[in-house]
Chemist: 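Okay, handing you the structure first.
Model, not experiment: these values are computed from the prediction.
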Amino acid sequence: METDSEPYVRLASLRQLHQVMADMNTARSLADTLQTVADGVVNGLGYELACVNLVRPDGDLVVAAFAGNAAAEAIITGRVGPRESWDRRLAMGEQWGGLVFIPHTEGWVLDDDDVPTWYTDGPAPRFEDEWHPSDRLFAPMDAPGGSGGSSGELLGVISVDRPRNGRRPGAWGREALQMYAFQAAIAISNARLRSNMQRALVRLEREQQALRASEESFRQAFEYAPSGMAIAEMGGDQHGRILRTNDALCRLLGRPAAAMRRYSFSDLVHPEDIGTLLRTSAEGGRAELRLGRRDGSYVWVSLRNSVVADAADGPRFLLTHVEDIEERKRRELQLAHRASHDSLTGLPNSAELRARLSARLCRRPQAEHAGDTESQDTAYGHPGYDHGFDFRSDTQAYDAYDHHVHTVAPEGDHDDGTKGLAVLFCDLDGFKSINDRFGHNAGDAVLIEVARRLSNGVRDGDTVARLGGDEFVILADGLGRADAQDLAVRLRNEIIQPIRAEGRAVRVGASFGIGWAHCGMTADEVLKSADERMYVEKRSRPKQHRRAG
């Protein structure tokens, strides 16, 4: 702007500086203010380049505005420099009042740091106070302080490059840049304040508009929601009583709105799901349960609760969203059925059989057999059997069986009147020859028919499962030895009857082995016992009599 040798500052320069400062305070937005600050350094203070680095909420500095070179502006604007790198720059070099000047003789150590920088090209200086292309000059902008006039936190940094007169700024130039940075900090703070106030006013207006329209919006959203909605009382003697329902919920349950107001959800829920409903948190709770329709049927729904208040200190209500999940539950049950049942015969598969059998058995606490080593060694057919007990205290061990009815088995080879869980292992005789002669379609037809005959030949509550291939297992509880033998004979007589398969009549035989389940055994041990008895029975009959019996 001028040299130190000039005794007076030109009036035009002062007017120009006054104008750029005025422009800073009349910008319409924060972005406009930042750009005006950068432009003012170039237009009013006589530097070729100016960059405004603004402190972000995370502490790093972003290049928020650039002036003096359009190409540089496009490249550098928006780039971020770490706060620690900036702190190092501001702590080194020469302190010119509130400015920081880093001459080229010291600035080379910053050439590789990660602060966005743009340099102008130029020849090396020819005299002492000539500006070097690698010189750096920074003007920190501190937020206005308190009543004492002290500076506040750092708002940003103005960095400049190459004065137009080609010389390092003198005393007046330094004072002008420092004063400009101080005014820029005020302008930026004011712009932020205006921006925050504008946003607050807009937000307040929107909130007021939303408040005025909230009742109508809620009513429409509630009434026309595609899924069920209900409002219920919260707290007091009438807690849970339904006050209001939408059309979707009324259609889902087949009940008119007037009738719904006579109920609470506990009146409508399936008896088996009452516990689920009671465990559901009123505030933000969710549950999947069944609700009763007017025709007596039940539908699976998902309940989601939220609390709404009528006013700031008014009564609170429970808003319940009811979603029909009947189709999803049906698919889940289908998938669960497929995972636990044989796809050909529809019988429980091997995994389901073992699960049902294991559910009836328990590993007896060791204390029950303490001192009875012989009985432990011989109970399962081999010595030294490892019971796999959990060696906790006796009280803990017995707690697990407080409500368990131990499964027992008849003793000896004769019927002693004891009723137990009989496990009948069935293996088809002659099935392989049907597959070989007539094909797998015929074999599948035989398996399906055998499964049907076995299912029809047992009681309700008994389990018929396909173990795999041509092997089937029947679990029949409450039988004595004679009962189990009679059941095996009846089932075998059903199986050996002719079966229509692929347009022809075929016959298969069946061999049965009867095992007994009792607590202390595993499911595999029970099945192995029945399997071994089946092979004993199969080998005891002449081969020519196995199929027809």
Side-chain angles (χ1 to χ4, degrees), residues 1-2 12-13 16-17 19-24 27-56 60-82 85-86 89-90 93 96 99-104 106-108 110-126 129-141 155-170 173-174 176-181 183-185 187-188 191:
M1 179 176 288
E2 86 294 324
S13 298
Q16 197 172 24
L17 182 58
Q19 183 60 47
V20 297
M21 287 184 176
D23 292 341
M24 286 192 302
R28 297 178 60 86
S29 66
L30 177 60
D32 290 343
T33 300
L34 294 169
Q35 188 60 52
T36 303
V37 170
D39 293 339
V41 174
V42 174
N43 299 329
L45 298 181
Y47 292 91
E48 292 185 357
L49 294 180
C51 180
V52 179
N53 303 274
L54 191 66
V55 176
R56 303 192 309 180
D60 292 339
L61 279 74
V62 61
V63 178
F66 196 93
N69 186 308
E73 180 180 359
I75 293 174
I76 203 172
T77 302
R79 294 178 58 188
V80 177
S85 297
W86 271 106
R89 287 179 171 227
L90 298 179
W96 289 355
L99 308 179
V100 176
F101 175 70
I102 304 177
H104 66 278
E106 300 179 21
W108 61 270
L110 304 176
D111 288 343
D112 295 328
D113 72 0
D114 44 4
V115 172
T117 306
W118 182 270
Y119 300 103
T120 56
D121 296 327
R126 294 167 296 175
D129 64 345
E130 188 174 0
W131 184 270
H132 191 280
S134 296
D135 287 341
R136 295 175 172 88
L137 180 57
F138 304 113
M141 296 182 294
L155 288 179
V157 179
I158 301 173
S159 57
V160 300
D161 189 22
R162 192 173 177 79
R164 287 200 181 94
N165 61 12
R167 307 185 66 166
R168 295 179 182 177
R174 299 174 191 178
L177 180 58
Q178 184 174 341
M179 179 176 62
Y180 186 82
Q183 293 296 326
I188 291 172

Chemist: Measure from the side-chain N and O atoms of Asn43 to the backbone N and O of Asp39, and report whether any donor-acceptor pair falls under 3.5 Å.
Modeler: yes

Chemist: So, applying side-chain contact (heavy atoms from CB on, under 4.5 Å) with Phe66, which one of Ile76, Ile75, Val52, Leu34 is it?
Modeler: Ile76

Chemist: I'd like to know if the side chain of Glu48 and the backbone of Val42 have a donor-acceptor N/O pair within less than 3.5 Å.
Modeler: no

Chemist: To check you understand the geometry: which heavy-atom pair defines the closest contact between Ala184 and Ile158, and what is its length?
Modeler: CB-CD1, 4.3 Å

Chemist: For side chain to side chain contact (heavy atoms under 4.5 Å, CB included), just list the numbers for Val157 and Met141, CA-CA rounded to whole Å, side-chain angles, deciding distance to a tenth of an Å, and then say yes or no.
Modeler: CA-CA 6 Å; Val157 179; Met141 296 182 294; 5.9 Å; no

Chemist: So, Asn69 versus Glu73: side-chain donor-acceptor pair below 3.5 Å or not?
Modeler: no

Chemist: Does the pair Asp129 and Arg167 meet the rule for a salt bridge (Lys or Arg N to Asp or Glu O under 4.0 Å), with working shown?
Modeler: CA-CA 6 Å; Asp129 64 345; Arg167 307 185 66 166; 2.2 Å; yes

Chemist: Answer yes if the side chains of Ser29 and Asp32 hold a donor-acceptor pair under 3.5 Å, and no otherwise.
Modeler: yes

Chemist: Evaluate the criterion side chain to side chain donor-acceptor pair (under 3.5 Å) for residue pair Asp113 and Ser85; output intermediate values, then yes/no.
Modeler: CA-CA 7 Å; Asp113 72 0; Ser85 297; 5.1 Å; no

Chemist: Between Trp86 and Phe138, does the ring pair (Phe, Tyr, Trp, His ring centres under 6.0 Å) criterion hold? Intermediate values first, please.
Modeler: CA-CA 10 Å; Trp86 271 106; Phe138 304 113; 5.5 Å; yes

Chemist: Tyr180 side chain to Gly44 main-chain N or O, any donor-acceptor pair under 3.5 Å?
Modeler: no

Chemist: For the pair Arg79 (side chain) and Val62 (backbone), establish whether a donor and an acceptor sit closer than 3.5 Å, ignoring hydrogens and angles.
Modeler: no

Chemist: Give me the atom names and distance for the closest heavy-atom approach of Leu177 to Ala139.
Modeler: CG-CB, 4.1 Å

Chemist: Just do the side chain to side chain contact (heavy atoms under 4.5 Å, CB included) check on Asn165 and Glu130 with the steps written out, would you?
Modeler: CA-CA 9 Å; Asn165 61 12; Glu130 188 174 0; over 6 Å; no

Chemist: Given the rule in the side chain to side chain contact (heavy atoms under 4.5 Å, CB included) test, do Leu137 and Leu99 qualify, once you have shown the distances and angles that lead to the verdict?
Modeler: CA-CA 7 Å; Leu137 180 57; Leu99 308 179; 4.2 Å; yes

